[in-house]
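To start, the structure itself, in structure tokens.
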Amino acid sequence: MASLDRVKVLVLGDSGVGKSSLVHLLCQNQVLGNPSWTVGCSVDVRVHDYKEGTPEEKTYYIELWDVGGSVGSASSVKSTRAVFYNSVNGIILVHDLTNKKSSQNLYRWSLEALNRDLVPTGVLVTNGDYDREQFADNQIPLLVIGTKLDQIHEGKRHEVLTRTAFLAEDFNAEEINLDCTNPRYLAAGSSNAVKLSRFFDKVIEKRYFLREDLVSKNCNLLPYSAPPFYP
């Protein structure tokens, strides 16, 4: 595994939303039979082909860091979680489509990971609105995933998905809604699989290629120094 470059992606969300099941499905392409509560953090790895099918194709490892705990944890617990937030290249925000509170808490999870949760209360709601400015200059790619789609009655799905659609807009991220107990939601060629691949490509691009482009651009902008003149 050491021979391949890798990127670090956090998987954040309230306890019980299905993060461990999601990570297992992403990395093993299998349903997790008996999911348990994550204590601290667990890490799994997914192999991803960057820009698959193009001349630039290259294989990378995606480290998925499943962070356990509750967003309302005591400051000591949040301080412990902070060690997992170092050198992050991407963030997957996971919420339970049947639990409105878990959707709202994604704002607090993201601010904690981005080291912007500086207000002791962590309350971001004012008259039902969130301050989008807190995410305006974020450079870390985000992806919003809603779980337990199977538990929503067909007649209510449109209402629920309309309610949660604003999350992706606020985070300037793409949105995937699925059932972690059914691999077909991430089947190759599906719209969800395309969105997921696009997200991982973006994470890799930001980590490895944009930095190289910036260095190259800066080198080209260096002032010209004429060679010394010897009479």
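Along the sequence shown, residues carry numbers from 1.
- Side-chain N or O atoms of Lys8 include one that pairs as donor or acceptor with a backbone N or O of Asn86 at under 3.5 Å.
- The line from CG of Leu22 to CG of Leu178 is 6.5 Å long, rounded to the nearest 0.5 Å.
- In terms of hydrophobic clustering, with Ile, Leu, Val, Met, Phe, Trp and Tyr side chains grouped at heavy-atom distances under 4.5 Å, Phe209 and Val7 are assigned to a common cluster.
- The number of heavy atoms from other shown groups lying within 6.0 Å of CG (Asn182) is above 12.
- When atom types are taken as modelled, the side chain of Tyr107 and the backbone of Leu167 share no donor-acceptor pair closer than 3.5 angstrom.
- Of all non-hydrogen atoms in Cys180 and Ser21, the two that sit nearest each other are CB-CB, 3.9 Å.
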Which pairs would a plain distance check flag for residues 194-203, meaning a side-chain donor or acceptor within less than 3.5 Å of a matching protein atom at least two apart in sequence or in another chain?
| unit_1 | atom_1 | unit_2 | atom_2 | d |
| --- | --- | --- | --- | --- |
| Lys195 | NZ | Glu175 | O | 2.9 |
| Arg198 | NE | Glu174 | OE1 | 3.0 |
| Arg198 | NH2 | Glu174 | OE1 | 3.3 |
| Arg198 | NH2 | Glu174 | OE2 | 2.6 |
| Asp201 | OD1 | His48 | NE2 | 2.7 |
| Asp201 | OD1 | Lys51 | N | 3.3 |
| Asp201 | OD2 | Lys51 | N | 3.4 |

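- Side-chain contact between Asp5 and Tyr61 is absent, with no heavy atoms from C-beta onward closer than 4.5 Å.
- Remark: Leu161 CG to Leu97 CG distance equals 6.0 Å, nearest 0.5 Å.
- Remark: of the listed residues Glu205, Lys58, Glu57, Glu205 is the sole one forming a side-chain hydrogen bond (donor to acceptor under 3.5 Å, both in side chains) with Tyr50.
- In terms of modelled atom types and a separation under 3.5 Å, the side chain of Asn192 and the main chain of Tyr185 share a donor-acceptor contact.
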_Ile92 vs Leu64, test: side chain to side chain contact (heavy atoms under 4.5 Å, CB included). Steps then yes/no._
CA-CA 9 Å; Ile92 296 177; Leu64 293 168; 4.1 Å; yes
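- Clustering ILVMFWY residues whenever any of their side-chain heavy atoms sit less than 4.5 angstrom apart, transitively, puts Val43 in the very cluster that holds Leu10.
- Applying the side chain to side chain donor-acceptor pair (under 3.5 Å) test to Ser20 and every residue at least two apart in sequence or in another chain returns Thr38, Asp66.
- Side-chain contact check for Ser103 and His95: at least one donor-acceptor pair (N or O, by modelled atom type) lies under 3.5 Å.
- Atom-to-atom distance recorded for Glu169:CD and Phe166:CZ is 10.0 Å, nearest 0.5 angstrom.
- Across all non-hydrogen atoms, the minimal contact from Gly189 to Ala193 is N-CB, 4.1 Å.
- No path of Ile, Leu, Val, Met, Phe, Trp and Tyr side chains, each step under 4.5 Å between heavy atoms, connects Leu32 with Leu25, placing them in separate hydrophobic clusters.
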_Ile62 vs Ile204, side chain to side chain contact (heavy atoms under 4.5 Å, CB included): CA-CA, chis, key distance, verdict_ = CA-CA 9 Å; Ile62 310 290; Ile204 292 167; 4.2 Å; yes
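- For Phe171 against Val144, the heavy-atom pair with the smallest separation is CD1-CG2, 3.9 Å.
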*Take Lys206 and Asn89 through the side chain to side chain contact (heavy atoms under 4.5 Å, CB included) test and state the conclusion after the steps.*
CA-CA 8 Å; Lys206 290 258 188 181; Asn89 306 120; over 6 Å; no
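- For the atom pair CH2 (Trp65) and NZ (Lys19), the distance works out to 15.5 Å, reported to the nearest 0.5 Å.
- The heavy-atom pair separating Val67 from Arg81 by the smallest distance is CG1-CD, 3.5 Å.
- The environment of Asp150 atom CG is dense: over 12 non-hydrogen atoms of other residues, nucleotides or ligands sit within 6.0 angstrom.
- For the 3.5 Å distance criterion, the side chains of Gln151 and Asp96 fail to qualify, holding no donor opposite an acceptor.
- Between Leu12 and Ala113, the closest heavy-atom pair is CD1-CB, 3.6 Å.
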*Hey, mind stepping through Thr98 and Ile152 against side chain to side chain contact (heavy atoms under 4.5 Å, CB included) and telling me if it holds?*
CA-CA 7 Å; Thr98 69; Ile152 302 174; 4.0 Å; yes
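- For the atom pair CG (Leu106) and CD1 (Ile91), the distance works out to 11.0 Å, reported to the nearest 0.5 Å.
- Using a 4.5 Å heavy-atom cutoff, the side chains of Leu114 and Tyr85 are not in contact.
- For the atom pair OG1 of Thr147 and CG of Asp179, the computed distance is 9.0 Å after rounding to the nearest 0.5 Å.
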